[in-house]
Amino acid sequence: MNLLIVESPAKAKKIQGFLGSGWTVRASVGHVRDLPGSGQTIPEKYRALPWINLGVDVEGNYRTVYLVYEDKKKIIRDLKHACKDADEVLLATDPDREGESIAWHLAQELGLKAPKRVTYQEITETAIKKAIANPRSIDMNLVAAQESRRILDRLVGYGSSPLVSKALGTSDKRRSHSAGRVQSAALMMLAGREHARMGFASASVNGVKVRIGTAPEFQATLIRLGTQTIATPASFGPDGALKADAQEHLLLSSAQAKEAAGILTNSSLTVVQVSKKPLVRRAPAPLTTSALQQAASKLKFSAKKTADTAQRLYEQGLITYIRTDSPALSDEAVRLGQNVLRELFGAQVLPEQVRRHAAKGNAQEAHEAIRPTEFTAPEQTGLEGDELALYRLIYETTLASLMKDAAGERTSVLLDSGKGHLLAAAGTVITDPGYLQLLKDEEDGEEDASLPALQKQQSIPCVGAEVTSAQSKPPARFTEGKLIAALEKVGIGRPSTYPSILGTLQNRGYVVNEKGALHVTPLGLVATGYLSVQLPSIVDRHFTARMEEDLDRIAGGELRATTYLDTVWKNGLALSIAQAGVAAPQVAVPGFPGAVLSSKNSEVTLSYQGRTAILHEKVLSEELTEKNLERLMNGQAVRGQRASRPKTTGSKSSTRKNTSLA
DNA sequence: CAGTGAGCGAGCTTCCGCTTGACTT
């Protein structure tokens with residue numbers, strides 16, 4: 001009897017089916033132990049160590065202590081038992097840095113003398129059997145890279161969190177605030193957008209739109225009057241003034257706009273230019289975890305709900321592994337998908353060559369893309385509700401990724417009134433729909449209407465004209481999906497952690513999700529204000545990318561882990577943390593010179609024109625308008641809430657808004 | 001003599017990443 005240990009129970013069950021009797025396949029169910037955490041009882045033999053709470057002895061060559069998680073003790077017991085009956089034990093955890101680490105931790109806990117490690121890239125009978133025939137030893141360089149990552153995250157998190165708490169004036173440790181390599185960088189991205197919005201000055205601009213009485217009708221927009229280009233919302237910068245390259249643009253007064261509309265109505269226009277450009281809409285890539293979480297926002301799923309629903313589909317064997325950063329499809333998947341497509345649409349929807357998609361950021365590519373395992377048609381699965389909707393999304397996106405791009409033509413025309421007005425219109429025509437036959441365009445952009453066939457010099461009638469008024473818009477707040485995409489792009493966070501990053505930011509009171517838009521709270525603004533001044537390297541979004549490069553060098557045996565930690569921690573961040581002040585930061589409110597956010601006793605205060613008010617934790621930055629500032633200073637309610645809440649005396653119940661994701 | 005404040009020490013929390021269910025908003 002041989003024993004094979006993997007991470008996921010569902011995977012264990014499947015592999016057991018391939019191997020049959022003679023093999024026992026068990027799951028570790030993820031990591032089994034970690035540095036000591038809060039609420040964990042420290043064994044007697046470690047209690048005297050002064051650094052045991054941290055779990056790392058910085059002065060002692062970064063020696064670590066690991067404890068088995070409370071809920072994994074039974075698993076370790078069972079695995080030990082299984083080891084006794086086994087002739088051979090193979091560690092088949094995932095083929096990436098964390099998986100190698102899990103294998104090593106298992107070997108330690110199970111007391112394996114010469115641990116045997118096997119890896120495979122896909123779960124097929126041949127791949128598993130080939131892997132089993134070629135065991136190797138544990139790659140200790142890769143384990144060291146993982147441990148460096150773990151240690152650095154612990155040191156940064158435990159080192160900086162107390163500073164943030166002090167700066168926010170928090171004395172009660174139970175309401176302690178937090179900072180970390182991932183959460184703080186994510187919060188900075190959100191805060192940057194929030195600042196841009198607060199400082200944004202909207203500009204309003206007039207325009208003229210006309211209806212052309214061809215068959216079919218179409219619309220055109222006035223773009224030049226005489227020799228001057230007409231300003232549009234895009235001509236303005238975030239300060240509400242014309243951009244440098246738009247200084248000469250003409251701001252139409254409403255009288256000018258009305259006059260132009262009057263002249264154009266029932267006039268005759270001449271086509272002066274017709275230009276056509278080929279247009280290609282790319283078929284989507286197969287789904288990664290982050291891509292699925294973004295795509296599922298169309299179904300109004302949160303990242304957490306998507307993860308939970310996908311997990312259930314995975315456990316039913318309907319889809320492949322769900323936490324992946326690779327968009328690659330196996331040859332088997334391509335073959336199965338193409339068979340379905342030939343049946344549904346015929347061979348002409350298949351491109352001549354199958355596209356291969358490259359992974360992004362610091363992808364580790366331990367698994368293939370998320371896809372249907374057997375390509376069972378959605379209605380044949382017996383699923384319903386959320387599970388059916390998500391399965392259908394995965395099914396259709398995977399098939400679409402194997403189809404041709406959509407092709408068409410974009411036509412732009414210029415029209416002249418002969419009286420100094422130049423107008424423009426554009427239209428698109430899709431000639432080969434390709435993947436669009438299966439999947440609606442996810443960009444959801446307004447489709448340009450199609451234009452009639454037009455010839456240069458042709459005369460066409462303008463049958464109506466109206467004055468329009470448009471406003472320049474501030475950059476939109478992040479949605480969950482957009483933030484996850486932004487994090488993935490710079491390599492921050494991992495597929496297994498995206499939903500929990502959002503959960504942490506909300507549970508800490510830094511971020512509120514209102515109708516899908518992520519708002520940074522005043523507390524979050526003060527926290528980022530502090531971090532960006534005192535500990536800029538921690539909130540730097542490129543910190544992780546540099547860390548990944550160094551971890552790769554550790555994994556490649558070119559850099560010693562202790563050397564790395566000395567450079568980055570002992571001679572770097574540890575010094576910054578030791579020197580950082582703990583005074584509450586004064587955060588300016590863009591758009592209101594003199595208005596300052598600060599924090600005292602965990603409460604955010606707003607000072608303006610010599611007065612100070614305590615902000616209710618639900619007051620958001622968008623409510624800091626001129627009118628509301630005055631109300632807040634007078635202690636009046638904003639948006640139906642009290643600006644300053646009465647002191648809760650005696651009660652120990654947390655007043656923090658509960659924003660769990662469930 | 002009662003109330004206040006400084007100083008001290010004990011106890012608590014904080015990070016990220018890998019897996020599933022258990023369990024209250």
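So you know, we letter chains A, B, ... as the sequences are listed, proteins then strands, and number each from 1. Not measured: the values here are computed from a predicted model.
Atom CG in L79(A) sits roughly 16 Å away from atom P in dT19(B) (whole-Å rounding). The CD1 atom of I102(A) sits 11 Å away from the P atom of dT20(B) (whole-angstrom rounding). Rounding to whole angstrom units, CD of residue Q146(A) and C1' of dG17(B) are separated by 8 Å. Rounded to a whole Å, the CG atom of D308(A) is 14 Å from the P atom of dA22(B). Atom pair E548(A):CD and dC16(B):C1' shows a separation of 12 Å (rounding to whole Å applied). Rounded to whole Å, the distance from CG on L487(A) to C1' on dC16(B) is 14 Å. As rounded to whole Å, 14 Å separates atom C1' of dC16(B) from atom CD1 of I538(A). Atom P of nucleotide dC16(B) and atom CH2 of W569(A) are separated by 13 Å, given to the nearest angstrom.
Of the listed nucleotides (dC15(B), dT19(B), dG21(B)), dT19(B) has the atom at the smallest distance from the side chain of V29(A). Distance from the side chain of E98(A) is smallest for dC18(B) among the nucleotides dC18(B), dT19(B), dC16(B). Each of dC18(B), dT14(B), dC16(B) was ranked by its minimum atom distance to the side chain of E7(A); first place goes to dC18(B). The side chain of R508(A) lies closest to dT14(B), out of dT14(B), dC16(B), dG21(B). Here the nucleotide nearest the side chain of S38(A), chosen from dC16(B), dT14(B), dG17(B), is dT14(B). Among the nucleotides dG17(B), dT14(B), dT19(B), the one closest to the side chain of S8(A) is dT19(B).
When each of R149(A), E7(A), R494(A), Q364(A) is checked for a side chain to side chain contact (heavy atoms under 4.5 Å, CB included) with E98(A), only R149(A) meets the rule. Shown are L483(A), N513(A), T497(A), N507(A); of these, the side chain to side chain contact (heavy atoms under 4.5 Å, CB included) with L502(A) is made only by L483(A).
The cationic group of R553(A) does not satisfy the cation-pi geometry with Y564(A), failing either the under 6.0 Å distance to the six-membered ring centre or the 45° limit from the ring axis. A cation-pi arrangement is present between K305(A) and F301(A), with the terminal nitrogen or guanidinium carbon under 6.0 Å from the aromatic centre and inside a 45° cone about the axis.
Counting atom types as modelled, N53(A) pairs a side-chain N or O with a base atom of dT14(B) as donor and acceptor under 3.5 Å. Below the 3.5 angstrom threshold, one finds no donor paired with an acceptor across the side chain of R494(A) and the base of dC18(B).
Across all strands shown, A179(A) has heavy atoms under 4.0 Å from sugar-phosphate atoms exclusively, and none from any base. Looking at heavy-atom distances under 4.0 Å, G30(A) makes contact with a base. Looking at heavy-atom distances under 4.0 Å, V182(A) makes contact with sugar-phosphate atoms alone, never a base.
Within the structure, a side-chain polar atom (N or O) of R181(A) is placed less than 4.0 Å from OP1 or OP2 of dG17(B). The side chain of S178(A) contributes an N or O atom lying less than 4.0 Å from OP1 or OP2 of dC15(B). The side chain of T497(A) places an N or O atom within less than 4.0 Å of a non-bridging phosphate oxygen (OP1 or OP2) of dG17(B). Side-chain nitrogen and oxygen atoms of Y69(A) include none within less than 4.0 Å of the OP1 or OP2 phosphate oxygen of dT19(B). Here R323(A) reaches the OP1 or OP2 of dT19(B): one of its side-chain N or O atoms lies under 4.0 Å away.
Applying the 6.0 Å contact sphere to CG of N61(A) captures no more than 12 heavy atoms from other residues, nucleotides or ligands. More than 12 heavy atoms of other residues, nucleotides or ligands lie within 6.0 Å of CZ in R546(A), so this atom counts as buried by the packing criterion.
Residue whose closest nucleotide on DNA chain B sits further toward the 5' end, between K72(A) and L155(A): L155(A). Residue G159(A) is the one, among G159(A) and Q311(A), whose nearest nucleotide of DNA chain B lies closer to the 5' end (criterion: closest heavy atom).
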